[in-house]
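The structure appears below as structure tokens.
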Amino acid sequence: MNNFTSESPLQAADLDASGLRVKIIGVGGAGNNAVDRLKIDQLDQVDLAVVNTDTKTLSVSLISEKVMLGRSITRGLSAGGEAEIGRQAADVDRHLIEQMVNGVDLVFLLAGLGGGTGSGATPLIAEIAEASGALVVAFVTMPFTREGSRRLQQADEALVKLREHCHAVVSLPNDLLLQQIDEQATVMEAFALADEWISKGVRSIWSMLFMQGLINVDFATLKSAFTCRGGKTLFGTAEGEGEHAVADVIRNLDLCPLLHLPENRYLRKADRLIVNITGGTSLTMTQVHEILQHVTDRFGSKEHTVLGAVIDSELGDKLTLTVIGTTDVGTSHKPGKRYAPVPAANAASQAPQPKAKPRQAEPIALDPDAELFETKVEAPELDEHEIDDGPVDPGKQSEFDFPRLEDNRGLFERTEANLYEGEDLDIPTYLRRGIKVAVEVKKG
Amino acid sequence: MSLPRSKIIGAVEMGTSKIVVLVGEVHQGRSLNIIGLGQCTSMGIKKGEIIDMRQASDGVHAALAQAEKQAGAQIEGIYLALSGSHLQGFSNPGVVTVADPDNFVMREDLRRAATNAKGKALPPGRVYIHHVRSGYMLDSREVTDPIGMQGQSLEARYWHVHGDERKVSDALHVINGYGMDVDDVVISSIASGSMVASDAEKQLGVLVLDIGAGTTDYVLYRQGHIIRTGTLAVGGDHMTNDLSLGLRLQNRVAESLKRRAGRAVFTKDDREKAVMAFNDLSIGDRPIPMLSISRILHARCEELLMILKNRLGSQVSPQHLPGGVVLTGAASQLPGLPELAEHVIGVPVRRGSNPDWVVHKELCTPEYSTVLGLLHYGLRNQQRPTAPAETQARKPGLLTMVSQLFK
């Protein structure tokens, strides 16, 4: 076990944060780049590791914990775009992966799907990490449609496998990310953008767990929200600044491309929702409330919403909002069966939970929506909720539901894929062709 | 000749955006009088196929009831339009040697050729919907009516349309659920094509594109015959969905934006222009760049037309298609679409309109061409029972149906 190298920032941090161990693992070329980028961002109290089948990429990585997979199969010459080779490479070096994830509570997997190592090894690493009892969250990029149907298919297969073993999978289609950049942007910038989205996602979960909280979300809460595996994950993030920070954040959230993925579009109703708001020292409870109101109205969690509000003194008058939702749609596993409610190792992390409640109670009690703030940690109870498919919503909620169902009648949600020469015609043409479309009118 | 004095027939189109029922009265088997119209917003139908039986049935039944009420009469038989990407076609001619020792073609030869052509077995789960005859070849001469002509080898050319058995029976069950029988089913491209293309165009060669909400149905005519039909599950819904995803709008807003400002081609001044998303001065309204709207729609429409062009291959070239392309269907109303189609396909394109005998103003728009075509088909079907063989032989391109398969 050599997870704690002298360069790792974890040494000092290890004393804090109830001994929670978080590890970010980059798999394959794209994953390695993403982790390298995170290293520059300097997240405290987190281990970083890179996994690859290619010695060359691995040797240039800035990360100290490097795991070489499948030397006996590929001789360190990468998986060559074959997912099967990537999988075999991970399979022969299973023990290395086991060592890497041993004792870790939260594993982030970062990978670019479509290639060999990313598509082949990531699902296996997720499986091993999950078996060792860790909470596994994957952030993966999907290839451009233009890269060809083979890579797409490889990526899709990997995504399905990943969903089986990860507690949450956030997929970022490159097609969509391309929409975000300027026409003059360089290739470097384009890929940096993909990494940026990944780092935004990792950072938001990280800040929830480790930063000074107005309302804390701890690991146990996070875990209880991710009890289901196999479901789709809704992930959105937005920023706002200055006087109209709240309005900006709400508007930007509506514009967040990740909430408009063709596959996620109809998951507007999350069954479990985590809302994290990060703001400067001037963050007020009213602001938090206003944002939360909007988010719950929009994504209306049936079972529960977990709220986190974090203070970052460096942010000034900036606000960032992250919404993570999980649904039971397509889940094959019922929660609680293979998953201990709260592992003994993390018993300490439960402690802060009760203190969060009195804090929220005062400003919110006046509000009719107060029940939305409810934070539930009792994982065992979840089983019941699952069986009776969630309590019937109070009248108000269902009134809201109706017009919304009409709106997103799920245009092509329940239909067969519309394939023509390997492309799904139901996916917007402009996305498949990489045509850049501006969402907003440019100011000035 | 014992024709009933008059018969009330209904034409039903279960579209992706709306369900239309038209009621017509056939007098003496000769004239058609449109006496009722029922419409209902469609639910449970996507890309031309039923995905929710219950919702689809409710809509169709409501529309049927409304149409019957307006007509003040009960529908006696229903003609149903079919669409959806499960409909496929292939051409399989029937070739026979002329039996007569003097090589004169007899009716019996035509019958044998037809049986021969229709004999091809389909894979399990598929069912024939139409056998559309597209002319005869007599010793490599193209002839319309070979009876009495001299020749050795007779080839009856057919375009066979088949569909998924379950999906077809789903559609029939929706009608049966209202307590009615389906007299006949017709694929929507043939129904609408018969309305919007003129006889002269059909003779020259014309392609009719019916761009609906969920599907694009096409039919290709040459020398008065239908020689190709097809369905592509891309339509107006896709345009709306693209806008909604690309501009982060709700479907409802995207749909109204498409109708208000949508265009299939973009122009220079689009760069500066912007359109309000809701356009009702409400809170949360925001300007949308016109260029983005045009780009998204342009990409979708261009792709749709390219796919159609590729599918039809060499059939769509100026020399094969002097009649050009006729656009119909609700989504074909998108401004700029004829220009774009002309550019992509390379033949003249016009918007179709329903024939002059449709006197009702509200029925003149292209979205009703399918139901009108159905009624017209029903009218001709009423004329047929007296002497089916004769009518078939004399009317080139008349649709022949194997309705017994659905009983």
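Convention: sequence-line order gives letters A, B, ...; per-chain numbering from 1. Below, each value reflects all heavy atoms present in this structure, side chains not excepted, and no hydrogens, waters or symmetry copies.
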[X] atom [atom1], neighbour heavy-atom count above 12 within 6.0 Å:
X	atom1	value
B:Arg259	CZ	no
A:Lys318	NZ	no
B:Arg166	CZ	no

Worksheet item: Checking B:Arg286 against chain A: side chain, backbone, both or neither under 4.5 Å from a heavy atom?
Response: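 The side chain, not the backbone.
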Worksheet entry | Portion of B:Leu243 that has a non-hydrogen atom of chain A nearer than 4.5 angstrom |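 It is neither, since no heavy atom gets under 4.5 Å.
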Practice prompt. Among B:Arg300, B:Lys46, B:Lys47, find the one that has a salt bridge (Lys or Arg N to Asp or Glu O under 4.0 Å) with A:Asp426.
Written response: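 Testing each of B:Arg300, B:Lys46, B:Lys47 against A:Asp426, the sole residue satisfying salt bridge (Lys or Arg N to Asp or Glu O under 4.0 Å) is B:Lys47.
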Worksheet item: Checking A:Tyr430 side chain against B:Gly246 main chain: does a donor-acceptor pair fall under 3.5 Å?
Response: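 Indeed, once roles are kept as given, a pair shorter than 3.5 Å links the two residues.
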Practice prompt. Could you grab the distance from atom CE of B:Met239 to atom OG1 of A:Thr429, nearest 0.5 Å is fine?
Written response: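 The OG1 atom of A:Thr429 is 9.5 Å from CE of B:Met239, to the nearest 0.5 Å.
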Item to complete: Report yes if the side chains of B:Ile307 and A:Leu425 come closer than 4.5 Å at any heavy-atom pair, otherwise no.
Response: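 When only atoms from C-beta onward are counted, A:Leu425 and B:Ile307 do touch, with a gap below 4.5 Å.
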Discussion item. Which heavy atom of A:Pro428 sits nearest to which heavy atom of B:Leu245, and what is that distance?
Written reply: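 Closest approach of A:Pro428 to B:Leu245: CG-CD1, 3.3 Å.
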